[in-house]
Structure formats: C-alpha cells, structure tokens
Amino acid sequence: MIIGSTGLFVPGPTNIPEDVRRAIDVPMEDHRAPDLPDFIRPLLTDLKKIFQCTRGRALVFPGSGTGGWEAAMTNTLSPGDKVLASRFGQFSHLWIDLCQRIGLDVEYIDVEWGTGVPLEDYANRLAADKQHAIKAVLVTQNETATGVQSDVAGVRKAMQNAGHPALLMVDGVSSIGSVDFQMDQWGVDIAVSGSQKGFMLPAGLAIMCVSEKAIEASKSARSFRCYFDFKDMLAANDQGYFPYTPPMPLLRGLRVSIDRLLTEGLDNVFRRHHRLAQGVREAVTGWGLSLCAKDPVWYSDTVSAVCLPAGFDSGNLLKHAYQRYGLSLGGGLSEVAGKVFRIGHLGDLNELMLLSAIAGAEMSMRDLGVPVDAGSGVSAAEEFYRQDTRAPLQLASSQ
Ligand SMILES: *Cc1c(COP(=O)(O)O)cnc(C)c1O
C-alpha cells in the first residue's frame with residue numbers, strides 16, 4: 001500500500017486532472033442516440049484547434065499511438081511504397097519497424113541517439129529523389145526515449161526546397177497538446193497522437209489530424225486496412241457518429257481535456273511546458289549530470305532523459321525510487337537501457353509537483369551512491385522557478 005499519492009513522472013501515461021477523471025466516470029450511454037452528433041461534431045471540430053489545423057479532419061480511433069501510426073501508413077500508402085525516416089530512439093525505431101512489417105520500403109537514416117531528425121540528410125535525399133519515389137517523409141517530433149525534439153517546420157522547408165510532393169507525417173504522441181505543433185503552418189499531412197500523454201487521459205485513443213491531401217491519397221492507397229479505414233470513419237463522423245462502438249467515457253474525458261487546453265490557451269500551455277522543462281534541466285546541471293540530448297537545439301520540453309555516471313544502473317534507480325518513495329520515473333529503453341532515467345514533464349503538471357519528482361530522483365540517486373550533492377538539483381530548480389515571476393500558471397488560474 002502506498003500512503004499519499006504516488007508520483008507519476010513517466011512520460012505517459014500522465015496525471016489525469018480531477019475534472020477529466022470525473023468526466024470519464026459516467027454511466028454508459030447509447031452511442032447511436034439521436035443527440036450524439038451534438039456532442040461528436042463540436043468535439044472533432046475543437047480537437048482540430050489543438051493541432052492548429054483548420055483545413056483537414058480530426059480522427060479519433062480506439063487504440064493508442066501505435067494504432068495511429070498504423071492508420072496513418074495503411075490508409076495513405078501501398079505495399080512497396082518508399083518512405084523516408086530517421087532513427088534516433090526507441091519510438092522512431094518502432095515506427096520504422098511498423099512500416100517494414102506492413103510492407104513499406106523504408107529508407108532510413110541512423111543518427112546518434114541524443115540527436116534528432118537530420119535536416120541536411122533529409123534535404124539531400126529529397127533533392128536526389130528526382131523520380132519522387134519517396135511517398136512519405138516521417139518525423140518523430142519528440143523522441144520520448146531520449147528527450148529529443150526535432151524541427152518539423154525544417155523538414156517541410158526541405159521538402160519545399162526540393163519541390164518534393166511526398167506526404168509529411170509526424171509522430172506527435174508525446175508533443176501535441178504540450179509543445180507547439182502547427183498542422184496548417186508546417187504543411188503536415190498526418191499528425192498522430194494518443195490520449196495518455198499531452199491529452200491527460202487514460203490510454204485508449206489514437207488521436208489524429210489528416211490533411212485533405214492525405215484523405216485524397218487514401219482513395220487510391222492499396223495497403224490492407226479495415227478497422228482503421230479513414231473512409232468508414234469519415235463517413236460516420238460526417239453523420240456525427242462512429243462506424244463502431246466508440247469508448248464514450250474517453251470521448252467525454254477528451255471533451256474536458258480539450259476545454260482545459262483551450263481555456264489555459266495553447267501559448268500558455270507551451271510556455272508552461274517550457275518553463276517546467278527548464279527547471280528540470282537546471283536540476284540536472286545542479287547535479288553535475290548531463291542530458292541524453294546532445295545539444296540545446298534538441299532539448300525536449302516534455303521529457304528529460306538524464307545520463308547516470310558510468311557504473312550506475314538506471315534500472316536499479318527506478319526500482320529504488322518506486323519502492324522507497326512511491327515515485328515512478330521512466331527507464332532507459334533499448335540502446336540507452338540502464339544508462340538513462342527519464343523524468344516526464346508533460347500534461348497536468350505544476351512546479352511543486354515537479355519539484356517532488358526532482359527531490360525523489362535526487363534522494364534515490366544519493367541512496368544508491370551516485371555522487372550528487374544533497375539539495376543540488378532541487379535548489380537549482382527552486383531558484384529557477386522562484387525567479388521567473390511571469391508564471392503562466394498564475395495567469396491560467398486567475399482566469
Ligand atoms: C508513447 C509514444 C508512442 C507509442 O504510443 P502508444 O500509445 O504506447 O501506442 C509513439 N511515439 C511516441 C513518440 C511516444 O511517446
């Protein structure tokens with residue numbers, strides 16, 4: 001038994017705000033009720049605002065981010081189609097793996113973990129592809145395994161410079177609703193997210209936006225799909241319904257989660273995440289440790305992967321933090337297994353909550369003999385949070 005609240009600081013699932021949790025706790029309802037369209041239509045319209053999307057369509061499939069990947073690829077591409085991707089962490093790796101398993105021809109660039117989408121390499125490959133064999137360009141906006149953020153707008157610019165007509169697809173599972181994402185402005189054709197990260201809900205929904213161009217591509221794409229077919233979903237959504245039984249409680253929760261994000265204001269949401277993240281980075285510096293992200297241009301505002309000194313196993317640290325302090329941190333995945341631990345700082349989060357995670361990580365490291373000074377990370381974060389008086393948290397709560 002854990003007394004008090006447990007500290008959930010994995011980069012998804014994230015903490016669920018009380019009003020969202022209450023919204024999910026509803027009696028079962030008829031998903032064919034005559035008044036359901038009055039709920040579904042504005043839900044999907046308002047969802048587009050979170051993606052800063054005015055032209056395309058929002059789609060919500062039962063599933064998770066992985067299902068969103070599958071929906072994106074199978075609806076718009078045919079077996080053997082070439083896609084351009086890059087791999088720099090477990091999530092960009094898994095997306096490539098999914099593409100290969102559904103029969104796509106993935107041209108991928110392996111780059112150092114701790115860096116992100118290699119813009120120059122993308123530009124060169126796109127310029128060299130005179131025949132336009134590449135049908136889609138993939139960007140993992142936020143690599144959750146390494147805490148690395150990539151430049152989606154930069155990829156669009158590279159595509160424009162090369163005059164390349166491929167679809168631009170973005171994995172925004174751990175970024176959309178937390179950091180800036182501009183579907184229209186960046187010319188994104190498919191953006192994939194999930195319910196359990198920035199949307200502050202339980203896992204269970206693949207949340208996407210698709211451009212008109214992507215919808216057009218879906219009319220001739222020949223990959224097998226059934227459950228995730230855009231055609232069925234769009235036709236049912238046009239009527240204000242779903243093609244099959246939707247998880248209504250999650251949709252009721254999504255309504256409140258969208259309202260929260262819009263009430264705080266997207267700019268404030270992005271500023272809050274940046275500020276919270278900056279405090280964590282100050283703590284890491286205070287500890288004398290370094291991030292997995294190699295350079296500030298790659299720093300993620302939703303998750304920080306912290307490198308432990310050689311000789312210490314982050315798996316042990318995680319186990320200790322959980323058992324001794326009731327604190328869940330993220331572990332190292334694949335190539336960085338044992339080497340990094342991650343602090344998720346996205347979703348329904350404020351400074352004091354995050355300070356508890358920093359303190360818990362600090363105490364756990366000291367318990368295991370990692371050479372960090374008592375209070376070094378906590379005080380660095382505290383001083384950062386104290387100094388910045390333009391706290392958007394206050395703006396939001398005074399509204
Ligand atoms: C969590 C995550 C996924 C996988 O999503 P699931 O909801 O676990 O299927 C994909 N990409 C990124 C960047 C993620 O953070």
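All heavy atoms count here, side chains included; hydrogens, waters and symmetry mates do not. Note that ligands are numbered from 1 as they come in the structure, with each ligand's atoms numbered from 1 the same way.
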Heavy-atom nearest neighbour in the protein, as seen from [atom], with distance rounded to 0.1 Å:
atom: atom 3 (C) of ligand 1; result: Phe91 CD2, 3.5 Å
atom: atom 4 (C) of ligand 1; result: Thr66 OG1, 3.9 Å
atom: atom 1 (C) of ligand 1; result: Lys197 NZ, 1.4 Å
atom: atom 15 (O) of ligand 1; result: Thr144 OG1, 2.4 Å
atom: atom 12 (C) of ligand 1; result: Asp171 OD2, 3.4 Å

* **Step-by-step side chain to side chain contact (heavy atoms under 4.5 Å, CB included) determination, Leu261 to Lys49** => CA-CA 10 Å; Leu261 292 168; Lys49 296 177 188 166; over 6 Å; no

Counting each atom of ligand 1 from 1 as listed, which ones have a heavy atom of [X] under 4.0 Å away?
X: Ser174; answer: 13 (C), 15 (O)
X: Asn142; answer: 13 (C)
X: Ser64; answer: 6 (P), 7 (O), 9 (O)
X: Trp69; answer: 10 (C), 11 (N)

Between [X] and [Y]: side-chain donor-acceptor atoms closer than 3.5 Å:
X: Ser364; Y: Tyr325; result: no
X: Ser92; Y: Thr140; result: no
X: Gln278; Y: Glu282; result: yes

At under 4.0 Å between heavy atoms, which part of [X] makes contact with ligand 1: side chain, backbone, both or neither?
X: Gln196; answer: side chain
X: Trp95; answer: neither
X: Leu94; answer: neither

* Can the positive tip of Arg252 be found less than 6.0 Å from the middle of the six-membered ring of Phe39, inside 45° of the ring normal? -> yes

* Asked: Under the 6.0 Å and 45° cation-pi test, does Lys294 pair with Phe88?
  -> no

* Residues Asp259, Arg255: salt bridge by 4.0 Å N-O rule -> yes

Would you give me the side-chain donor-acceptor pairs under 3.5 Å for residues 150-160, sequence neighbours excluded?
unit_1, atom_1, unit_2, atom_2, d
Ser150, OG, Val117, N, 2.8
Asp151, OD1, Ala153, N, 3.3
Asp151, OD1, Gly154, N, 2.9
Arg156, NE, Trp186, O, 3.3
Arg156, NE, Gly187, O, 3.3
Arg156, NH2, Gly187, O, 2.5

* May I ask you to check whether Gly65 has an N/O atom sitting below 3.5 Å from an N/O atom of ligand 1? => yes

* Measure from the ring center of His164 to the ring center of His132 and say whether it is less than 6.0 Å. => yes

